[in-house]
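Everything numeric here is computed off the predicted structure, so don't read it as measured data.
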Protein chains: 2
Amino acid sequence: MSRQSGPTIKDVARLADVSIATVSRVINHNGYISPKTNKSVQDAIKQLGYRLPRHLRDQHQTEKRIEVILPSITNPLYAELYEYIEQRMTEENYKAFLHFDKGDEHALDDYVMDIKHGTVAGVIVSSPLKTVGTINYDNLPIITFDRYIDKIPLVKCDNLEGGKKIAEKVLSLGKKKILILSGNRQDFYPLNNRIKGMLSVFNTYNIDVETNYINFVSAPIERRIQITQAITQPKYDAICCTDDITALLVKDWTVKLGYQPLVTGFDGSSFIQNFFPDLITVRQPTEEIAKLLCDLLIEKINHPSHHFEHEYLLPVTLLD
Amino acid sequence: MSRQSGPTIKDVARLADVSIATVSRVINHNGYISPKTNKSVQDAIKQLGYRLPRHLRDQHQTEKRIEVILPSITNPLYAELYEYIEQRMTEENYKAFLHFDKGDEHALDDYVMDIKHGTVAGVIVSSPLKTVGTINYDNLPIITFDRYIDKIPLVKCDNLEGGKKIAEKVLSLGKKKILILSGNRQDFYPLNNRIKGMLSVFNTYNIDVETNYINFVSAPIERRIQITQAITQPKYDAICCTDDITALLVKDWTVKLGYQPLVTGFDGSSFIQNFFPDLITVRQPTEEIAKLLCDLLIEKINHPSHHFEHEYLLPVTLLD
DNA sequence: CTGAAAGCGCTAACAT
DNA sequence: ATGTTAGCGCTTTCAG
């Protein structure tokens, strides 16, 4: 094996005139060390610019790793969520690592192995990953944001309530002919809670409502095309989208088409709040979601066999 | 040391009835292995769900790491840049890791050590990090996006040209009284090239131009406040901002103030192009920047002593 | 409080 | 083509 070129504890030990065991101890604040040797070792470390190599940092859990798997950070919702997660995890002395879902449904297996190898402390997922039959996920330190994966605890906002609030708002504005547009095929069937919430209200008032979806594609350009196909004529009073990005695209398209229905979104990231303050949408409490995800995960890391709910619901706010 | 709980190559070896060396060879596609043993080993690996632990994956460079240090991904420009970097690095069989600049100016040192330990392959930075005197950065696999850090090669778009294009556009629209507003104090002094470009054009035509800046703060809310302080009266024909986010904030504020100067931005991320198609701005070629960053870095990893320019300039497009 | 030494899971000569 | 064995840099008993 090629010898590492940076300084090792051996070098530090030699310089400080102690054994490598002692150096190890001061690095890990382990066992007792006399103030005197401590100082001389610290000095040697500084002088040589010594640092524990990464691979040993996670072999020995010096740096507790959390893997975060997201579909993309191009959507401000996820970008913000990740930044909050990263912040909180840092506060709690963990280190977050971001991964994108590459369409490999079995990606989770690898992380599970890493957990078993003791080399990652926990995982946060918000991608539609699959579970593998032979593994028991019950006591594993994994938490999900808004995705159902087997028995893994899930955190999400109250989508049903959000859908209702949107619908009520739309009704209060006197809209009668409505399209519910899902920005995502998966969410369309089985019907997701946002749509269910909207429908429950609309149906109560016998409102004329249609539903449609566009296939999920991350590139806005392609979504655009699908939207133009879904909305060809100005026949709706209001178009209720299941996410903000779709809403913005719809808004843009309808303007071009020369008609201006009410368009509503869903998610309400800070970015959207700041730069599209006029969009009627529902705010997912990103910061609170991140906090809860982290806190639950850490709880699960420390007490694998504690009882966890299958679902944690966070309240939602209408932005109008 | 606590024994790792996942299966090890030892287990695989036992099951496949070969030596651990053989298992190691099939894992690393090293040396010669008979098709027969290969198969039995592969089977054993599958059966046990064996996986090379992370720490060994990077100890032995099985997975070549690239560390990417960014200020934030809350700005779509950086979010997109990172996604492109991540994509390209994956294509090239590297694995990208995202880190946020935590205000620790000496963060680079740690990465340098990791490089020397052979445990990270390269680094891409876009944060104002400091360099440490004792280290020679010349042949180190580090590349910068739009930041001057000592002798590290830098990739950026042609900010000077971008500034000129913006100014020409503004003039062509007949604007006479202009404010150049920097969204970032650091960029204001020493004057950055975007502003220099604008000024060079405005001055040629003897246009009445003022300059101002707001202190950089990532939270848009705080920026808002600063903007309201910078722009209290409708005295400008046009306000040229050095980034899109600031431009959006300014636009929003001026509307509220009841006057509508021409507002221009800078960056032109896909997000902005898609959702603010009306904003006059300059497009940084994010994808090309990412590609160049990656390609140069990989070149530098493989040929540390090749000659590299100090600066690589990518062309810019006016979006109007 | 500190050092010697065994061991971690793996890779890489060196044999055969 | 495969096994044996000596490391790798560090942590962790176990003595003293």
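- When the P atom of D:dA1 is taken as reference, atom CZ of B:R25 falls 11 Å away, rounded to whole Å.
- Atoms NE2 (B:H55) and P (C:dG9) sit 8 Å apart, rounded to a whole Å.
- The interatomic distance linking B:I33 (CD1) with D:dT2 (P) rounds to 8 Å, in whole Å.
- OP1 or OP2 of C:dA4 has not a single side-chain nitrogen or oxygen of A:S19 nearer than 4.0 Å.
- Remark: B:K151 is not positioned above the aromatic ring of B:Y137, lacking an NZ or CZ atom under 6.0 angstrom from the ring centre and at most 45 degrees off the axis.
- Across all strands shown, B:I27 has no heavy atoms under 4.0 Å from either base or sugar-phosphate atoms.
- In B:K39, the NZ atom is not crowded: 12 or fewer heavy atoms of neighbouring residues, nucleotides or ligands sit closer than 6.0 Å.
- For D:dG9, neither phosphate oxygen OP1 nor OP2 lies less than 4.0 angstrom from any side-chain nitrogen or oxygen of A:Y50.
- B:V23 comes within 4.0 angstrom of nothing in the nucleic acid, heavy atoms only.
- For B:T8, the side-chain atoms get nearest to C:dG9 when compared with the rest of C:dG9, C:dG3, D:dC10.
- Taking only side-chain nitrogens and oxygens, A:N30 never comes nearer than 4.0 Å to OP1 or OP2 of D:dT11.
- A:K300 forms a cation-pi arrangement with A:F308, by the criterion of a distance under 6.0 Å to the ring centre and an angle within 45° of the ring axis.
- Residue B:S24 places no side-chain N or O under 4.0 Å from the OP1 or OP2 atom of C:dA12.
- Summarising the geometry, the separation between NE2 on B:H29 and C1' on D:dT2 is reported as 18 Å, rounded to the nearest angstrom.
- Rounded to whole angstrom, the span from the CG atom of A:L52 across to the P atom of D:dG9 amounts to 13 Å.
- Put simply, CG on B:L56 is 14 Å from C1' on C:dA12, counting in whole angstrom units.
- Contact of the B:S34 side chain with the B:T37 side chain is registered, since non-hydrogen atoms from C-beta on lie closer than 4.5 Å.
- With respect to the salt-bridge test (charged N to carboxylate O, under 4.0 angstrom), the residues A:D295 and A:R88 qualify.
- At least one side-chain nitrogen or oxygen of A:T37 sits closer than 4.0 Å to the OP1 or OP2 atom of C:dT2.
- The CD1 atom of B:I9 sits 16 Å away from the P atom of D:dT5 (whole-angstrom rounding).
- Look at CG on A:N28: it is 13 Å from P on D:dT13, rounded to the nearest Å.
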